Each structure stands twice: as structure tokens, then as C-alpha cells.
Amino acid sequence: MAERPYTLLSCGMSIDGYLDDTTEERLLLSNDADFDRVDEVRAGCDAILVGASTIRQDNPRLLVRSARRRADRVARGTTENPVKVTVTSRGGLDPAASFFTAGESRKLVYCATPAVAEARDRLGAVATVVDGGDPVDVHLISADLATRGVRRLMVEGGGTMHTQFLTRDLADELQLVVAPFFVGDSRAPRFVHDGDFPAGPKNRARLAEVRQIGDVVLLRYALSDRFDPR
């Protein structure tokens with residue numbers, strides 16, 4: 001197997017497994033204490049990856065919020081914020097999105113081969129556009145990130161990215177936060193899509209930690225023998 005980063009998936013979902021509802025307003029699935037925990041996890045990673053749909057829908061900044069944690073990263077000899085990574089089949093992202101404009105960290109866009117030239121024309125001034133294969137191959141992405149010095153990768157969604165990393169057996173850890181409510185709308189986006197998951201009924205994932213954080217619960221699952229309990 002090619003070298004790849006330690007990969008942890010981070011996700012908040014409703015009791016019935018949804019990442020959002022169908023309204024225009026973003027659904028908050030966590031609380032301040034858990035947002036701070038996620039900030040700490042981000043600060044310990046070399047790169048954060050989200051899918052193109054997450055950029056379009058949520059416009060995330062993907063920065064470490066805590067000044068102390070940013071300073072600690074600099075003291076360790078790295079940048080204030082992790083590298084930002086996204087994956088797109090068409091390259092149709094807005095260069096003014098917060099993913100590109102917020103923070104000074106490197107931005108990497110892995111794009112399907114047929115759309116690379118157009119994506120470089122559109123995004124080349126704000127990010128490095130990398131040929132991700134046709135279709136985009138998360139194995140290729142993972143290996144390429146390793147060559148760029150990414151040792152620890154955090155995948156923050158959405159459902160397509162979670163599904164691809166899980167079904168391709170590229171996830172070492174899952175950090176799943178469950179919010180205390182139901183969405184109850186099958187049109188809403190789910191945590192994962194259909195797929196052949198290595199952690200199936202005959203190969204259960206190992207539950208490594210359960211932690212109550214206010215009104216939500218964190219479930220940490222070890223998905224490979226590389227699991228890091230820190």
C-alpha cells in the first residue's frame with residue numbers, strides 16, 4: 001500500500017443520521033464545547049479536507065479559531081492553520097469562497113482530469129489545482145497528500161467524502177458527534193451514502209471512546225490498526 005496520511009473523519013449528525021435539514025439556514029448539530037474540541041483536533045492536523053458541495057453549501061473557513069492553538073502550531077514549526085483540501089469533479093467553485101480567501105494556508109483542489117484545465121483557469125490564482133484522476137480517486141489524493149508532507153488528515157465532510165474514504169478503506173478513525181434531535185426528512189443529506197463498507201456486520205468497528213459533551217455525545221471508532229488514541 002502506498003504511504004498515506006493518518007486519516008480521521010469528523011462528523012456531526014442528528015439521531016437519525018442527517019448532516020443537515022432542507023432549509024437554507026445551516027443546521028447546528030453541536031454546541032460551543034464541542035466546537036472547541038473540533039478546533040483542537042484541527043490544530044493537531046496537517047490538512048483538512050471537505051468536498052466541493054460543502055464549500056458551496058456551508059462556505060466554511062476551515063481555520064483554527066484559538067489564537068493559543070495557532071501560536072502553538074507556529075512554535076512547532078508549522079503554519080498557523082492546516083492546509084485546506086477540496087475535491088471536485090467539475091471545478092465549478094467560487095474563487096471568492098471563504099475556503100480560498102480566509103487564512104494564509106495552502107489550498108489544494110483535486111479535480112477530475114477532464115476539468116483540470118478549466119479549473120486552473122478559474123482557481124489557479126487562489127489554489128493549486130491537482131489532477132485527481134478520472135473519476136477522482138481518493139487513493140491517489142491520499143498518496144499525493146503524503147508526498148506534500150501531510151501526515152495527519154482530517155476529513156470534515158460531506159457525505160460523499162465520508163462515503164468514499166470509508167468504502168475505500170482509507171479511514172483510520174471516525175469521530176462521530178450525535179445531536180439530541182431528529183431531522184425526519186429523507187430529502188436531507190445523510191452522513192454516508194450507499195456503499196460497501198469494510199466495517200460491516202461481520203467486521204464491527206471498535207468503539208474506542210464515548211464522551212458526553214453537554215447535550216451531544218462523541219463516539220470515537222478505531223477503523224484500522226493505525227488508530228491513534230491521543
Side-chain angles (χ1 to χ4, degrees), residues 2-12 19 29-30 33-52 54-55 58-87 97-100 102-110 127-128 130 132 138-166 168-177 191 208-209 211 213 218-230:
E3 181 183 0
R4 66 171 179 82
Y6 181 90
T7 303
L8 68 89
L9 275 55
S10 175
C11 178
L19 301 176
L29 291 156
S30 195
D34 187 58
F35 287 138
D36 186 64
R37 178 196 65 81
V38 172
D39 194 59
E40 183 176 13
V41 176
R42 280 183 178 178
C45 292
D46 300 304
I48 304 170
L49 183 149
V50 296
T54 298
I55 294 175
D58 297 340
N59 196 29
R61 300 172 74 233
L62 301 182
L63 303 177
V64 176
R65 296 190 299 173
S66 163
R68 174 185 60 79
R69 290 174 183 139
R70 293 196 302 270
D72 287 346
R73 284 179 57 88
V74 172
R76 297 197 303 267
T78 187
T79 56
E80 283 193 344
N81 292 285
V83 176
K84 299 182 192 180
V85 184
T86 191
V87 181
S98 295
F99 176 93
F100 300 108
E104 300 298 321
S105 60
R106 284 187 297 158
K107 291 87 177 178
L108 299 174
V109 177
Y110 288 92
T128 300
V130 183
V138 288
H139 273 288
L140 185 155
I141 292 170
S142 188
D144 186 72
L145 287 172
T147 69
R148 297 173 187 270
V150 174
R151 300 176 304 279
R152 193 173 181 91
L153 172 66
M154 183 178 186
V155 179
E156 291 201 26
T160 298
M161 288 293 95
H162 289 315
T163 301
Q164 290 188 21
F165 275 87
L166 288 166
R168 298 301 297 276
D169 203 15
L170 290 172
D172 301 296
E173 174 180 350
L174 170 61
Q175 299 185 3
L176 187 64
V177 167
F191 163 43
E209 180 185 355
R211 189 193 321 171
I213 306 173
L218 167 67
L219 306 172
R220 285 184 72 194
Y221 291 95
L223 300 178
S224 83
D225 57 8
R226 304 172 76 201
F227 175 72
D228 181 358
R230 69 173 175 173

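If you're wondering where the values come from, they're calculated on a predicted model, not measured in any experiment.
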Can you name the residues that form a salt bridge (charged side-chain N to carboxylate O under 4.0 Å, His left out) with [X], not counting sequence neighbours?
| X | value |
| --- | --- |
| Asp34 | Arg37 |
| Arg68 | Asp72 |
| Arg220 | Glu173, Glu209 |
| Arg106 | none |

Are [X] and [Y] packed together at the side-chain level, in the sense that at least one heavy-atom pair is separated by less than 4.5 angstrom?
| X | Y | value |
| --- | --- | --- |
| Gln164 | Leu170 | no |
| Leu108 | Leu145 | yes |
| Phe165 | Leu49 | yes |
| Val109 | Phe100 | yes |
| Leu176 | Cys11 | yes |

With sequence neighbours excluded, what pairs up with [X] under the side-chain contact (heavy atoms from CB on, under 4.5 Å) test?
| X | result |
| --- | --- |
| Ala71 | none |
| Thr163 | Thr167, Val192, His193, Phe197 |
| Asp36 | Arg69 |

Would you say [X]'s side chain and [Y]'s backbone share a donor-acceptor pair under 3.5 angstrom?
| X | Y | result |
| --- | --- | --- |
| Asn81 | Leu63 | no |
| Lys84 | Ala102 | yes |
| Thr86 | Val50 | yes |
| Thr147 | Asp144 | yes |

Partner residues of Phe191 under the ring-ring contact (aromatic ring centres under 6.0 Å, His included) criterion, sequence neighbours left out: His162

Full working for side chain to side chain contact (heavy atoms under 4.5 Å, CB included) between Val130 and Arg148: CA-CA 12 Å; Val130 183; Arg148 297 173 187 270; 3.4 Å; yes

Looking at [atom1] of [X] and [atom2] of [Y], how far apart are the two atoms once the value is rounded to the nearest 0.5 Å?
| X | Y | atom1 | atom2 | value |
| --- | --- | --- | --- | --- |
| Gln175 | Leu219 | CD | CG | 10.5 Å |
| Leu174 | Leu223 | CG | CG | 6.0 Å |
| Asp58 | Ser98 | CG | OG | 11.0 Å |
| Glu156 | Met161 | CD | CE | 13.5 Å |

Could you tell me which residues satisfy side-chain hydrogen bond (donor to acceptor under 3.5 Å, both in side chains) with [X], sequence neighbours excluded, listed by chain and number?
| X | result |
| --- | --- |
| Arg61 | none |
| Arg152 | Asp228 |
| Ser224 | Asp172 |
| Thr128 | none |

Of all the heavy-atom pairs spanning [X] and [Y], show the shortest one and how long it is.
| X | Y | value |
| --- | --- | --- |
| Phe35 | Arg65 | CB-NH2, 3.1 Å |
| Leu29 | Gly12 | CD1-O, 3.2 Å |
| Cys45 | Met154 | SG-CB, 3.7 Å |
| Ala97 | Ile55 | CB-CG2, 3.9 Å |
| Arg73 | Val64 | CD-CG2, 4.3 Å |
| Val155 | Thr7 | CG2-CG2, 3.9 Å |

Residue Arg151 excluded, over 12 heavy atoms near CZ under 6.0 Å: no

